[in-house]
Amino acid sequence: MAANSNSRVASNHTSKKQKVRRNIHPFTNNTRIKRASKIVKFNDSGEGDHVSDQRSNKENVVTYKSLKSRASDLLKMRETLPVYQHKREIMSYIESNPVTVLIGETGSGKSTQIPQFVLEKLYDTKKHGSIAVTQPRRVAAINLATRVAQEHGCKLGEQVGYSVRFDNTTTTRTRLKYLTDGMLLRELMMNNDLREYSVIVIDEAHERTVLTDLILGFLKSLIQGPRPDLRIIVMSATLQAEKFSEFFNNAPILFVEGRKFDVKQYYLKAPTDDIVDAVIRCCIQINQGEELGDILCFLPGQEEIDKAVTIMEKIAKYVSDEAPVPLIVPYPLYAALPPVQQSLVFAPIKGFKRKVVFSTNIAETSVTISGVKFVVDSGLRKVKVWRHQLGLATLLTVPISQASAMQRSGRAGRESEGKSFRLYCESDYVKLPKQSEPEIARSDVTSPVLMLKRYGVDDLLNWTWFENPGKEAIVMGLQELYELGALDTRGKITKRGQQMALLPLQPHLSSVLIKASEVGCLSQVIDIVSCLSVENLLLNPSPEERDEVNERRLSLCNAGKRYGDLIMLKELFDIYFYELGKSQDASSERNDWCKGLCISIRGFKNVIRVRDQLRVYCKRLFSSISEEDEESKKIGEDGELISKILKCFLTGFIKNTAIGMPDRSYRTVSTGEPISIHPSSMLFMNKSCPGIMYTEYVFTTKGYARNVSRIELSWLQEVVTNAAAVAKQKVSDSK
DNA sequence: GAGCACTGC
């Protein structure tokens, strides 16, 4: 590998200026201040390590006076921020336009300051209504609200607060509310026209998550219909502004320069075919030739990362023995990694050493690591693409977009000037797509379609989609919802569909829950569904302890051994919740138990929170809830009960079934494709199921079923008949 | 026969 010495300096500065179009109003910023370390310590975009919680207990003991004095100290820092210097100009645009698009680069202060400017204006003009600021991630909403409350001189929940799942600090006094876009969508579902807000700010809109895209669509229909008075500000970090502007009737675009340090780009002269090898070589080269500073490497997935870490661990000592260079200390970083190991990457490294973090896309937006001076970019990522016709997801390794490459490089320039090594040719960079394909264009839209139906939209194909997912996707979503009993034959939402839309679950799981409430096993099914709702609950044991952990899990789950993963989850839940929850020292007992079984401790705490929430929702939604259902129940090894539970799941996942073949392989009921049980499943070693049902079907190297349960073939007929009867009933109801 | 990127209610 050889880094291109004729590298060019990537200047976002100039490229942005070249792109200024007729309806853009650039703010010339001559006040580019060299950021003193003391001045801006907070994260403008709210990105922070999700391991540490920035809220401090001190907040609870400070007096009103000290809140105010802290706020006036902070004001001096705020005044140096780029957006602050253009306050009057920005506000005049916001005041005179129903929609304003604001492009603020990293460090511009947009996420903290713009909402406060608007708040001041509301105070000054004595206007009613509050301000909502949406974020794609929980941590961002929490951190931003915490910071802004300090700047505003109040406690969280007074004038400034946040609302995320399981945690709402807002009160009736709150005028500025940071919330996840999922929460705003929920508010839209409950209260169609968002009367309580006079201004809505959509932050990080460039990330183009499904939920952000949906909100944009809802907002357009609101200002065209019942809320012409609503003010909207779309904030984005990159120049994807034209699309936002066009969508909102050519809204003005404001551009505020940020404060970030230059990052020099280096490219390969010739492409590489072994990306892990190239990344390792590049790190060694940086270690030999560059000043001290940490390295962040972007690789597509866990497999490549684990491989890179293993190699680096082996050669690091040898390399530093050979020459007087820093000792490289490698760290992996990906979401499925246990939180304890994740947190290791945030600790600063001491001595003559260099931290090298091998990470997935998680470090591109969700997590910020300080001390990074060098970025090594494989140019690859993994992406899940939904195949509407097949009803399965494929997980592909694909080249990133230019925007993504710039975002990755930017991670080297947060604290000082940095360097970015792109392990592909500059000629290939130019050919990359400018932006990544928006998520909604490659996702299952069953859930969005249900939301729209719940909102009362009839003509889905011609709705105010910010990004129309296409006729095929919408029709498949409609059909799926019809089969789940959420829509009737005319495409109108049913009572069942209304209930499904209000549950914080994917429609298939909502449907399972409703079925369970009808047949009297709601409590047990809630427990299982709660476990399924938490990602990375069962962690991957390392290869050395894999057999041991599997053996331990199997020995605890007698029913799970036979019936599969859903029942196993319930058995584990029962032990965690009933058996370990009683003793004096429940918490440490539970933690030890989780560690031994390679189960996420935080994961199980989330299971309990999801469970509590679902129980509350179910009580509200199903008036027919029986007294028995309100009591919690352990599962035991009652075959009849287990059958009943699994049949409930079949009503939601009837499409996700496969039949056992004589050669002990499985073929899907719907398409006849071969499908394999994923090695993480309890049933991986089991060779005797007549049929299987799974909650997920992902194609990687081949088709894999995850969360697998054993089913009897007769159940298929039974459940299909019931579904048909339900459909018939629905038709006669609507006549 | 051997393995899934990230986020949200």
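Lettering of chains follows the sequences in order, A, B, ..., and the numbering in each one begins at 1.
Taking every side-chain heavy atom of A:His678 into account, B:dG3 is the closest of B:dG3, B:dT7, B:dG8. Of the candidate nucleotides B:dC9, B:dA5, B:dC4, B:dC9 has the atom lying nearest to any side-chain atom of A:Arg165. Taking the side chain of A:Phe684 as heavy atoms from C-beta on, and the options B:dA2, B:dG8, B:dC4, the nearest nucleotide is B:dA2. Of the candidate nucleotides B:dA5, B:dC4, B:dG8, B:dG8 has the atom nearest to the side chain of A:Arg138. In this structure, the nucleotide among B:dA5, B:dC6, B:dG3 sitting nearest to the side chain of A:Ala335 is B:dC6. Among the nucleotides B:dT7, B:dG3, B:dA5, the one closest to any side-chain atom of A:Ser366 is B:dT7. In this structure, of B:dC4, B:dC6, B:dG8, it is B:dC4 that holds the atom nearest to the side chain of A:Arg706. Taking every side-chain heavy atom of A:Thr180 into account, B:dG8 is the closest of B:dC6, B:dG8, B:dC4.
Look at CZ on A:Arg137: it is 7 Å from P on B:dG8, rounded to the nearest Å. Atom CD1 in A:Ile215 sits roughly 13 Å away from atom P in B:dG8 (whole-Å rounding). Taking atom CG of residue A:Asn606 and atom P of nucleotide B:dC9, one finds them 11 Å apart after rounding to whole Å. The distance between atom CD of A:Glu437 and atom C1' of B:dA5, rounded to the nearest whole Å, is 15 Å. A straight line from CG of A:Leu392 to P of B:dC4 spans 14 Å, rounded to a whole angstrom. To the nearest angstrom, P of B:dC9 lies 20 Å from CZ of A:Arg611. Distance A:Asn550 CG to B:dG1 C1': 14 Å, rounded to the nearest Å.
A:His388 and A:Trp386 have perpendicular rings, their planes meeting at more than 60° on a 0 to 90° scale where under 30° would count as parallel. Using cut-offs of 30° and 60° for the angle between ring planes, the A:Phe244 and A:Phe466 rings count as parallel.
Within the structure, every side-chain polar atom (N or O) of A:Gln302 is placed at least 4.0 Å from both OP1 and OP2 of B:dG3. When the side-chain nitrogen and oxygen atoms of A:Thr360 are compared with OP1 and OP2 of B:dC6, one or more of them lie within a distance under 4.0 Å. For A:Thr209 and B:dT7, the shortest distance from a side-chain N or O to OP1 or OP2 is not below 4.0 Å. When the side-chain nitrogen and oxygen atoms of A:Tyr704 are compared with OP1 and OP2 of B:dG3, one or more of them lie within a distance under 4.0 Å.
Side-chain contact of A:Asn707 with A:Glu696: a donor-acceptor pair under 3.5 Å is absent, judged by distance alone.
Residues A:Ser447 and A:Pro300 each lie close to DNA chain B; by heavy-atom proximity, the contact nearer the 5' end of the strand is made by A:Pro300. With DNA chain B read from its 5' end, the first of the two nearest nucleotides for A:Lys702 and A:Asn536 is the one closest to A:Lys702.
With a 6.0 Å cutoff to the six-membered ring centre and a 45° limit on the axis angle, A:Arg422 does not count as a cation-pi contact of A:Tyr424.
Between the side chain of A:Glu364 and the base of B:dC6, no donor-acceptor pair of N or O atoms lies under 3.5 Å. Residue side chain A:Arg546 reaches the base of B:dG3 through a donor-acceptor N/O pair under 3.5 Å, judged by distance alone.
A pairwise comparison of heavy atoms in A:Thr212 and A:Ala205 identifies CG2-CA, 4.0 Å as the closest pair. Residue A:Pro469 comes nearest to A:Ile440 through the heavy atom pair CB-O, 3.9 Å, listed as atom of the first residue, atom of the second, then distance.
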